*Asks:* 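This structure is in structure tokens; I'll ask about it shortly.
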Amino acid sequence: MKKIVTRFAPSPTGTLHIGGVRTALFNYVYAKQNDGLFLIRIEDTDKERSSKEFEKNILDNLSSIGLNPDKKPINQSERNEIYIKASKQLIESGKAYWCDCSPETLDEMRKEQIASGKKPMYDGRSRNLGLEQSEKTVLRLATPEDGDIVVNDIIRGEIIFKNSELDDLILLRSDGSPTYHLCNVVDDFEQGVTSVIRGEDHISNTPRQIHIQNALGYPQLEYAHLPLVLGTDKKRLSKRHAATSLEEYREEGYLDSAIINTLARLGWSKGDNEIFYLDDLIKDFNIKEVQKAGAIFDITKLDWANSQHLANLSLDEFKSHLRPFLLKNDIDIENHRYVDLLINAMRSSDNTLKGIAKSLEPYYKNIKSYDNRAIDKFLSDNNILIDIKELLLNLEDWDVDSIDRILKTYQTDNNLPVPKVNQPIRIALTGSTKSPSLGFTLCILGKDLSIKRIEELINFIGS
RNA sequence: GUCCCGUUCGUCUAGAGGCCUAGGACACCGGGUUUUCAUCCCGGCAACAGGGGUUCGACUCCCCUACGGGAUGCCA
């Protein structure tokens, strides 16, 4: 059996898109589970729109998310001779010809065809003119006029195209540069690619590319056209709907593994399982099981997956993932007596690392503001705060048990419901009614800081 | 317009003719645990696009319609 070779072939006209990550992921997984090769090819034949920055972004992001290619990525812009050579072969074998129709002529032709209810396509008028190459000519493929092309798609089954629906596509532009279709086909052959896994927006390109393959005498490839990742309006996911580039999701505090998990589950599933790591995918993923219909990207699913992946991290792993987000906030995570206890108590406070870092602020920084609704609800007066402050001031042993005992005693002595006592203190300590258990919170903040914060709130209420 | 692809809860999906009173997950709502919040646990809401066939029987097969998407570039 032939070794499977897949490839991800982005054009560097933007940052790495999460739809692209998904395509790359499926290519990667398919290669790995078949003991094959995963390759990357930069399709930068569009000189206008391609840029090196985008190329770097794509390569860096793919590699940091763990989708490393098995060979050095290649750039189409550096392989011109190869495409020219292939085009010569096509000219010599009579499978391609020069055409001197101007863009204006073509445009006019298309308009007329549309006006008369026909499919707009090049009519092959230069096909038998025997023109030579010039500054005004493009090279076109002489596509067979009769018969069908059958695309055997792993996900969709047989897709049949009539050759009469296909026109003679351009292989070489008038400036002599090769186009997407030619480069794509030649490189797939040159790189030894066996399996093309790409977005379904390429379905209608496939018969054209097969014709080029046939003309060049290349072997047939296997195809799998993935359903697209859509926005909430069912149109392909773009910046209009949500963040699209991988790095934006990372910056929000989503784990790579959670992003991969969510992307893989978009269009594929396995029993009742929801949590998949890359290794699980290599074990369980089956390209044949991929859904045919496009899938809407739902951020709440990512949020949930992230919380699950976060929960699966060991404390040390969790801390090292969290650290950069705290650093961004000028918080040095280790600069706290009870880091581990604190982090453990707070690690489920939000779905993202960014959110968790934010909820950790009161433990490292001064309280910026108080939750007004909480104040209205629990602080009609200062009395409890003042009482508790006095009691804490006189407390010798600053540990959870001692603190809890004081709180409990005060509450029973005055016959007060627990929240009535605790919530005001919480507000003083964290600015809101949210915190780990109160004794714990007081304990880790320390006596001086706790009392200082209670005093601050007393002053705030008093004013 | 033409060609191609698609259509199960709000969302991701299970479902290969009887296992479907259509299952799971997220979201949402309710309850429990938690001195608060989050986590966690329990419960609830909610879908086969429509119409024709085929069949004893159709979410599953066929046809049509509707709707959505993609392609129709000297972009990739």
Side-chain angles (χ1 to χ4, degrees), chain A residues 9-13 43-46 48-50 76 99 101-103 106-107 110 113-121 137-140 151 153 155-156 159-162 164-167 169-175 177 179-181 183-184 199-207 225 227-228 230 232-236 262 265-275 291-305 307 311 345-351 356 359 374 378 404 407-408 411 417-423 425-427 430 432-439 441:
Chain A
S11 57
T13 55
E43 303 212 326
D44 51 358
T45 51
D46 184 343
E48 302 282 296
R49 297 196 300 145
S50 301
Q76 291 189 326
C99 160
C101 294
S102 69
L106 261 19
D107 200 45
R110 272 191 284 264
Q113 288 165 331
I114 291 169
S116 61
K118 289 199 198 99
K119 180 175 183 163
M121 52 195 273
T137 57
V138 296
L139 186 70
R140 286 182 184 272
V151 178
D153 191 281
I155 296 170
R156 290 153 212 278
I159 308 170
I160 300 167
F161 294 86
K162 290 188 197 68
S164 57
E165 294 287 339
L166 271 21
D167 61 2
L169 75 251
I170 294 175
L171 266 12
L172 253 33
R173 302 186 184 95
S174 49
D175 66 359
S177 65
T179 60
Y180 161 70
H181 289 290
C183 299
N184 193 277
E200 70 172 329
D201 48 334
H202 286 287
I203 291 179
S204 42
N205 289 333
T206 310
H225 286 96
L228 265 18
L230 312 175
T232 39
D233 58 359
K234 293 201 174 251
K235 293 195 198 309
R236 54 190 307 171
T262 305
R265 275 290 283 102
L266 230 48
W268 177 79
S269 67
K270 175 94 184 170
D272 288 345
N273 300 137
E274 293 290 342
I275 301 300
Q291 195 82 11
K292 295 186 185 78
I296 295 173
F297 177 73
D298 182 5
I299 189 88
T300 63
K301 199 89 176 199
L302 211 212
D303 279 328
W304 176 78
S307 72
M346 297 296 289
R347 59 185 288 176
S348 65
S349 62
D350 196 273
N351 289 329
I356 294 166
S359 55
F378 293 105
D404 275 345
L407 261 17
K408 184 79 188 161
Q411 176 225 321
V418 178
K420 194 96 177 136
V421 180
N422 287 9
Q423 297 301 55
I425 307 169
R426 274 209 174 79
I427 297 167
T430 69
S432 76
T433 53
K434 299 170 188 173
S435 88
S437 79
L438 191 54
T441 307

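Model, not experiment: these values are computed from the prediction. Convention: sequence-line order gives letters A, B, ...; per-chain numbering from 1.
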*Asks:* Hunt down the Watson-Crick or G-U wobble partner of B/rA49, both distances under 3.5 Å, from any strand shown, or write none.
*Replies:*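 Across all strands, the one nucleotide that pairs with B/rA49 is B/rU65.
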*Asks:* Figure out the NZ/P separation between A/Lys119 and B/rU2, and round it to whole Å.
*Replies:*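 Spelled out: NZ on A/Lys119 to P on B/rU2 is 11 Å.
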*Asks:* What interatomic distance, in whole Å, is found between C1' of B/rA16 and the corresponding atom of B/rA22?
*Replies:*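 Looking at atom C1' only, B/rA22 and B/rA16 are 16 Å apart.
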*Asks:* On the nucleotide B/rA14, are OP1 or OP2 found under 4.0 Å from the side-chain N or O atoms that A/Ser269 carries?
*Replies:*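 For B/rA14, OP1/OP2 do have a side-chain N/O of A/Ser269 under 4.0 Å.
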*Asks:* When you match A/Ser174 and A/Thr300 each to their closest nucleotide on RNA chain B, which lands nearer the 5' end?
*Replies:*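 Whichever sits nearer the 5' end wins; that is A/Thr300.
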*Asks:* Has the side chain of A/Arg156 got a donor or acceptor atom sitting under 3.5 Å from an opposite partner on the base of B/rC5?
*Replies:*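 A donor-acceptor contact between them is absent.
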*Asks:* Do A/Ser348 and B/rA38 share a donor-acceptor pair, side chain to base, under 3.5 Å?
*Replies:*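 Looking at the base of B/rA38, it does pair with a donor or acceptor on the side chain of A/Ser348 (distance under 3.5 Å).
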*Asks:* Hey, could you give me the OG1/CE distance between A/Thr441 and A/Met346, rounded to the nearest 0.5 Å?
*Replies:*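 If I round to the nearest 0.5 Å, the distance is 8.5 Å.
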*Asks:* In whole Å, I'd like the distance from the CG atom of A/Leu166 to the P atom of B/rA71.
*Replies:*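 In whole Å, B/rA71 P lies 16 Å from A/Leu166 CG.
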*Asks:* Kindly say whether, by distance alone, the side chain of A/Asn205 makes a donor-acceptor pair under 3.5 Å with the base of B/rA76?
*Replies:*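 A donor-acceptor contact between them is present.
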*Asks:* Quick check for you: among B/rA76, B/rU11, B/rG70, whose closest atom lies nearest to any side-chain atom of A/Asp298?
*Replies:*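 Between B/rA76, B/rU11, B/rG70, the one nearest the side chain of A/Asp298 would be B/rU11.
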*Asks:* Which nucleotide in the set B/rG10, B/rC3, B/rC12 lies at the smallest distance from any side-chain heavy atom of A/Phe161?
*Replies:*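 The listed nucleotide nearest to A/Phe161's side chain is B/rC3.
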*Asks:* Taking the P atom of each, how far is B/rC64 from B/rG17, in whole Å?
*Replies:*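 The same atom, P, in both gives a distance of 23 Å.
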*Asks:* Is the distance from OP1 or OP2 of B/rA76 to the nearest side-chain N or O of A/Thr45 less than 4.0 Å?
*Replies:*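 Checking B/rA76 against A/Thr45, a side-chain N or O does come within under 4.0 Å of OP1 or OP2.
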*Asks:* Say you pick atom C1' in B/rC45 and the same atom in B/rA66; how far apart are they, in whole Å?
*Replies:*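 Result for the C1' pair: 29 Å, nearest Å.
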*Asks:* Between A/Lys235 and A/Ile160, which has a closest nucleotide on RNA chain B that is more 5'?
*Replies:*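 The answer here is A/Ile160.
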*Asks:* Drop me the distance from A/Glu165's CD to A/Met121's CE, to the nearest 0.5 angstrom.
*Replies:*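 Rounded to the nearest 0.5 Å, the CD-CE separation comes out at 6.5 Å.
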*Asks:* The side chain of A/Ser435 is closest to which nucleotide in this list: B/rU36, B/rG70, B/rG24?
*Replies:*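 Nearest to the side chain of A/Ser435 among the choices is B/rU36.
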*Asks:* Would you kindly check whether a donor in the side chain of A/Lys301 faces an acceptor in the base of B/rA27, or vice versa, at under 3.5 angstrom?
*Replies:*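 Per atom types, no contact qualifies.
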*Asks:* Whole Å only: how far is the CD atom of A/Glu200 from the P atom of B/rA71?
*Replies:*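 Distance, rounded to whole Å: 10 Å.
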*Asks:* Which whole number of Å gives the distance between the P atom of B/rC20 and that of B/rU54?
*Replies:*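 It works out to 28 Å between them.
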*Asks:* Atom CG of A/Leu169 and atom P of B/rC75: how far apart are they, to the nearest Å?
*Replies:*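 It is 12 Å, rounded to the nearest whole Å.
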*Asks:* Side chain of A/Glu274: nearest nucleotide among B/rG1, B/rC37, B/rG24?
*Replies:*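 Output: B/rG24.
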*Asks:* In Å and rounded to the nearest 0.5 Å, what is the CH2 to CD distance from A/Trp268 to A/Gln291?
*Replies:*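 Those atoms lie 12.5 Å apart.
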*Asks:* Rounded off to whole Å, could you give me the NZ-to-P distance for the A/Lys292 and B/rC12 pair?
*Replies:*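 After rounding, the gap between these two atoms is 16 Å.
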*Asks:* Roughly how far apart, to the nearest Å, are B/rC48 and B/rC12 at atom P?
*Replies:*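 Those two atoms are separated by 16 Å.
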*Asks:* Please give the distance between the P atoms of B/rG10 and B/rC56 as a whole number of Å.
*Replies:*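 Those two atoms are separated by 35 Å.
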*Asks:* Are side-chain N/O atoms of A/Arg426 and A/Thr430 paired as donor and acceptor at under 3.5 Å?
*Replies:*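 No donor-acceptor contact under 3.5 Å links the two side chains.
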*Asks:* So if I apply the side-chain hydrogen bond (donor to acceptor under 3.5 Å, both in side chains) rule between A/Ser359 and each of A/Ser349, A/Ser435, A/Ser432, which one comes out positive?
*Replies:*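 Running side-chain hydrogen bond (donor to acceptor under 3.5 Å, both in side chains) over A/Ser349, A/Ser435, A/Ser432 with A/Ser359 returns exactly one hit, A/Ser349.
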*Asks:* Return the value, rounded to whole Å, for the distance between atom CD1 of A/Ile203 and atom C1' of B/rG6.
*Replies:*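 From A/Ile203 CD1 to B/rG6 C1': 9 Å.
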*Asks:* In whole Å, I'd like the distance from the CD1 atom of A/Ile170 to the C1' atom of B/rC75.
*Replies:*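 The answer, rounded to whole Å, is 12 Å.
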*Asks:* Looking at A/Arg110, I'd like to know whether one of its side-chain N or O atoms comes within less than 4.0 Å of OP1 or OP2 on B/rU72.
*Replies:*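 So the side chain of A/Arg110 is outside the cut-off, no N or O lying under 4.0 Å from OP1 or OP2 of B/rU72.
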*Asks:* Between B/rG70, B/rA76, B/rC74, spot the one nearest the side chain of A/Asp46, thanks.
*Replies:*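 The answer is B/rA76.
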*Asks:* In terms of side-chain heavy atoms of A/Gln291, which of B/rC12, B/rC74, B/rA14 is nearest?
*Replies:*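 When the side chain of A/Gln291 is considered, B/rA14 is the closest of B/rC12, B/rC74, B/rA14.
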*Asks:* When you compare B/rU33 with B/rC40, how far apart are their C1' atoms, in angstrom units rounded to a whole number?
*Replies:*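 It comes out at 8 Å once rounded to the nearest Å.
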*Asks:* With the threshold set at 4.0 Å, does a side-chain nitrogen-carboxylate oxygen contact exist between A/Lys301 and A/Asp298?
*Replies:*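 So A/Lys301 does not pair with A/Asp298 through a salt bridge.
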*Asks:* What is the distance from CD of A/Glu43 to P of B/rA76, rounded to the nearest Å?
*Replies:*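 Going from CD in A/Glu43 over to P in B/rA76 covers 9 Å.
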